[in-house]
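Reminder, nothing fancy here: chain letters follow the sequence lines and each chain counts from 1.
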There are 2 protein chains.
Amino acid sequence: MRAQTRRLSFGQTELDGTDIRILQVLQDEGRISKSDLAARVHLSNSACFERMRRLEQSGIIRSYHARLDLDLMEDLQIFQTHVVLGSHRQEDFTRFEAYVAANDMIAECYGLGGGIDYSLTCVARRISDYQGLIDDLLSRGLNVERYYTYVVTKQVKRREIGIDRLLG
Amino acid sequence: MRAQTRRLSFGQTELDGTDIRILQVLQDEGRISKSDLAARVHLSNSACFERMRRLEQSGIIRSYHARLDLDLMEDLQIFQTHVVLGSHRQEDFTRFEAYVAANDMIAECYGLGGGIDYSLTCVARRISDYQGLIDDLLSRGLNVERYYTYVVTKQVKRREIGIDRLLG
DNA sequence: CCTGAAATCTATAGGTA
DNA sequence: TACCTATAGATTTCAGG
C-alpha cells in the first residue's frame with residue numbers, strides 16, 4: 001500500500017508530497033546543503049536540485065534568512081502598532097501600504113479584517129525614534145484615524161508561517 | 001581617517017562592525033555561500049568562517065529559514081488574535097506561554113505591554129480549525145479574560161527584525 | 001588573520017524507464 | 001517527464017604559519 005500523496009496547487013504550480021517535504025525541510029533548516037536535503041527526501045542530488053530550483057523560480061520560495069536572537073539584542077525596542085484608517089477606498093489602502101513598504105523601521109505588516117485595518121511591527125533604538133515614526137506617519141495625509149501602540153516586552157514565539165499546517 | 005567602528009554587546013558577546021555586517025548579510029541572504037559572504041565583508045574565507053561559527057555558537061544567529069510566498073498558498077487561513085489575561089501573576093504568563101509554545105497552529109506570539117497581553121498569529125486550514133484552537137485555548141483554564149480575532153487579509157510586509165536598525 | 005591542500009558539495013551532461 | 005549515475009568544477013573545512 002502506497003503512502004497517500006497529498007497534492008496542492010500554489011497559484012500556477014502543482015506540488016506533490018515530495019515538493020511539500022522539501023519546502024518543509026527548507027523552512028526549518030534554511031542552510032541545509034543540497035545533498036543533505038536530497039538524502040532527507042530520498043531523492044538523488046540532481047532530481048532534488050531540479051525541484052528546488054523549480055520551487056525558487058516559481059516564487060513559492062521567496063527568500064532565505066538568518067534569524068537572530070532578539071532577546072540578546074540590547075539597544076533595540078520593538079513596538080506593535082494597530083492602525084485604523086478613516087475610510088476604506090482602494091486608494092487609502094494602496095497609499096498606506098506604499099508607506100509601509102518604504103519605511104524601514106517597519107519590519108512587519110499584516111492587513112486585517114475586523115475593526116483594525118493594519119497591524120505593524122516596528123523596530124527602533126529608542127522610544128523617541130518610534131515617536132518620530134508615528135509623527136511621520138500622521139503627517140503624510142495617509143488618513144490614519146486612530147492608532148494604538150503596544151510595547152513588545154517579549155518575543156515568545158516566531159516560526160515561519162506555512163506549509164507544515166497543510167499536512168497532517 | 002578610519003571609518004567609525006560601531007561596537008555592540010549581545011549578552012556575553014561583543015560585536016564589531018564586521019560581525020554586524022555579517023549578520024546583516026545573512027539576515028537578507030540566508031543561503032549565500034560562505035565564500036561570497038567573505039568577499040562581501042572583505043575578509044578571507046577562513047576568517048569569515050570563524051566569525052560566522054562564533055555567531056552561530058553564541059546563539060546570536062538562532063536559525064536559518066526559507067520564506068514561502070503565503071499569497072500563493074491556497075487552503076491557508078491566517079488569523080491574528082489579541083489576548084487579555086484576567087490576572088497578571090507570573091504563573092499566568094508562564095502557563096500561557098507554555099501553551100503557545102506547544103501549540104503548532106500558533107506561528108508567532110509577542111508579549112505586549114499596554115492593554116493587550118499577547119498578540120498571536122495563527123495558521124489554520126479552515127475557520128473551523130481556528131475556532132477549535134480558540135475553544136481549546138479557553139478550555140485550558142489559562143485565565144484568558146478576553147480575546148479579539150482578526151482575519152489576516154494580506155501579508156503586506158515581512159522582514160527579519162534585527163540588526164539593520166542598529167546601524168545608521 | 002592568512003595560505004593551501006584534502007574533503008565535501010554543486011552543477012551539468014548523458015542515460016534509463 | 002521524472003529520475004538516475006558520473007564527473008568536473010567549486011566550495012568548505014582544517015592544519016599549520
Side-chain angles (χ1 to χ4, degrees), chain A residues 1-68 163 166-167, chain B residues 1-10 12-68 72 163:
Chain A
M1 193 151 70
R2 298 215 295 111
Q4 194 193 326
T5 304
R6 174 182 290 288
R7 297 195 145 271
L8 291 167
S9 52
F10 279 48
Q12 306 297 330
T13 321
E14 277 275 319
L15 303 186
D16 65 12
T18 305
D19 290 317
I20 291 173
R21 183 82 185 105
I22 289 172
L23 292 175
Q24 225 178 353
V25 172
L26 288 173
Q27 237 188 221
D28 285 351
E29 296 167 63
R31 253 188 105 83
I32 191 175
S33 81
K34 294 182 181 183
S35 4
D36 285 354
L37 175 63
R40 199 76 75 77
V41 301
H42 309 295
L43 231 54
S44 74
N45 282 6
S46 58
C48 183
F49 235 38
E50 184 47 45
R51 280 169 181 266
M52 189 173 161
R53 184 169 48 178
R54 208 177 95 245
L55 293 168
E56 287 172 349
Q57 288 189 345
S58 67
I60 291 172
I61 297 174
R62 290 173 73 106
S63 49
Y64 298 92
H65 305 276
R67 178 151 307 153
L68 309 186
I163 202 81
L166 292 177
L167 308 168
Chain B
M1 195 151 73
R2 297 217 293 111
Q4 193 196 326
T5 304
R6 172 181 292 288
R7 294 194 148 274
L8 291 166
S9 52
F10 279 48
Q12 307 296 332
T13 321
E14 277 275 320
L15 303 187
D16 66 12
T18 305
D19 290 318
I20 293 173
R21 182 83 185 104
I22 289 171
L23 292 175
Q24 224 178 356
V25 172
L26 288 173
Q27 236 188 222
D28 286 351
E29 297 166 61
R31 254 189 105 83
I32 192 175
S33 83
K34 294 183 181 183
S35 7
D36 286 354
L37 175 63
R40 197 77 76 78
V41 301
H42 308 296
L43 231 55
S44 74
N45 282 7
S46 58
C48 183
F49 177 70
E50 186 45 48
R51 280 169 182 265
M52 189 172 160
R53 184 170 46 180
R54 209 179 95 244
L55 293 168
E56 286 172 351
Q57 288 189 346
S58 67
I60 292 173
I61 296 174
R62 291 175 74 108
S63 49
Y64 298 91
H65 305 277
R67 179 151 308 152
L68 309 186
L72 290 178
I163 202 79

Main-chain N/O of B:H65 paired with A:H65 side-chain donor or acceptor, under 3.5 Å:
no
What are the two closest heavy atoms between A:L15 and A:L23, and how far apart are they?
CD1-CD1, 3.8 Å
Rounding to 10°, can you tell me the angle the first-five-pair axis of the helix from C:dC1-D:dG17 to C:dA17-D:dT1 makes with its last-five-pair axis?
30°
Side chains of A:T13 and A:L55, heavy atoms from C-beta outward: is any pair under 4.5 Å?
no
Specify the residues of residues 58-68 of chain A, ordered by number, for which at least one heavy atom lies under 4.0 angstrom from an atom of DNA chain C.
none
What is the distance from atom CG of A:N45 to atom OG of A:S35, rounded to the nearest 0.5 Å?
5.0 Å
Could you run through nucleotides 3-17 of chain D and give me one letter per nucleotide, 5' to 3': B if any protein heavy atom sits under 4.0 Å from the base, S if only the sugar-phosphate is that close, - if neither?
SBB-----SBSB---
Is there a side-chain contact between A:R62 and B:L68 in this structure, where contact means two heavy atoms from C-beta onward sitting under 4.5 Å apart?
no
Are B:E56 and B:Y64 close enough that some pair of their side-chain heavy atoms sits under 4.5 Å apart?
yes
Please lay out, stage by stage, how A:M52 and A:L26 fare under the test side-chain contact (heavy atoms from CB on, under 4.5 Å).
CA-CA 10 Å; A:M52 189 173 161; A:L26 288 173; 4.2 Å; yes
Quick one: which residue pairs count as a salt bridge (charged side-chain N to carboxylate O under 4.0 Å, His left out) with a foot in residues 25-39 of chain A, not counting sequence neighbours?
A:E29-A:R40
To the nearest Å, give me how far apart CD1 (A:I22) and P (D:dA2) are.
13 Å
Does B:R54 CZ have over 12 foreign heavy atoms under 6.0 Å away?
yes
Would you please name every residue forming a side chain to side chain donor-acceptor pair (under 3.5 Å) with A:R51, sequence neighbours left out?
A:D16, A:D19
For B:E50, which residues count as a side-chain contact (heavy atoms from CB on, under 4.5 Å) partner, sequence neighbours excluded?
B:R53
A:A47: what forms a side-chain contact (heavy atoms from CB on, under 4.5 Å) with it, not counting sequence neighbours?
A:L43, A:S44
Along DNA chain C, 5' to 3', what are the outermost nucleotides having an atom less than 4.0 Å from a heavy atom of chain A?
C:dC9 to C:dT12
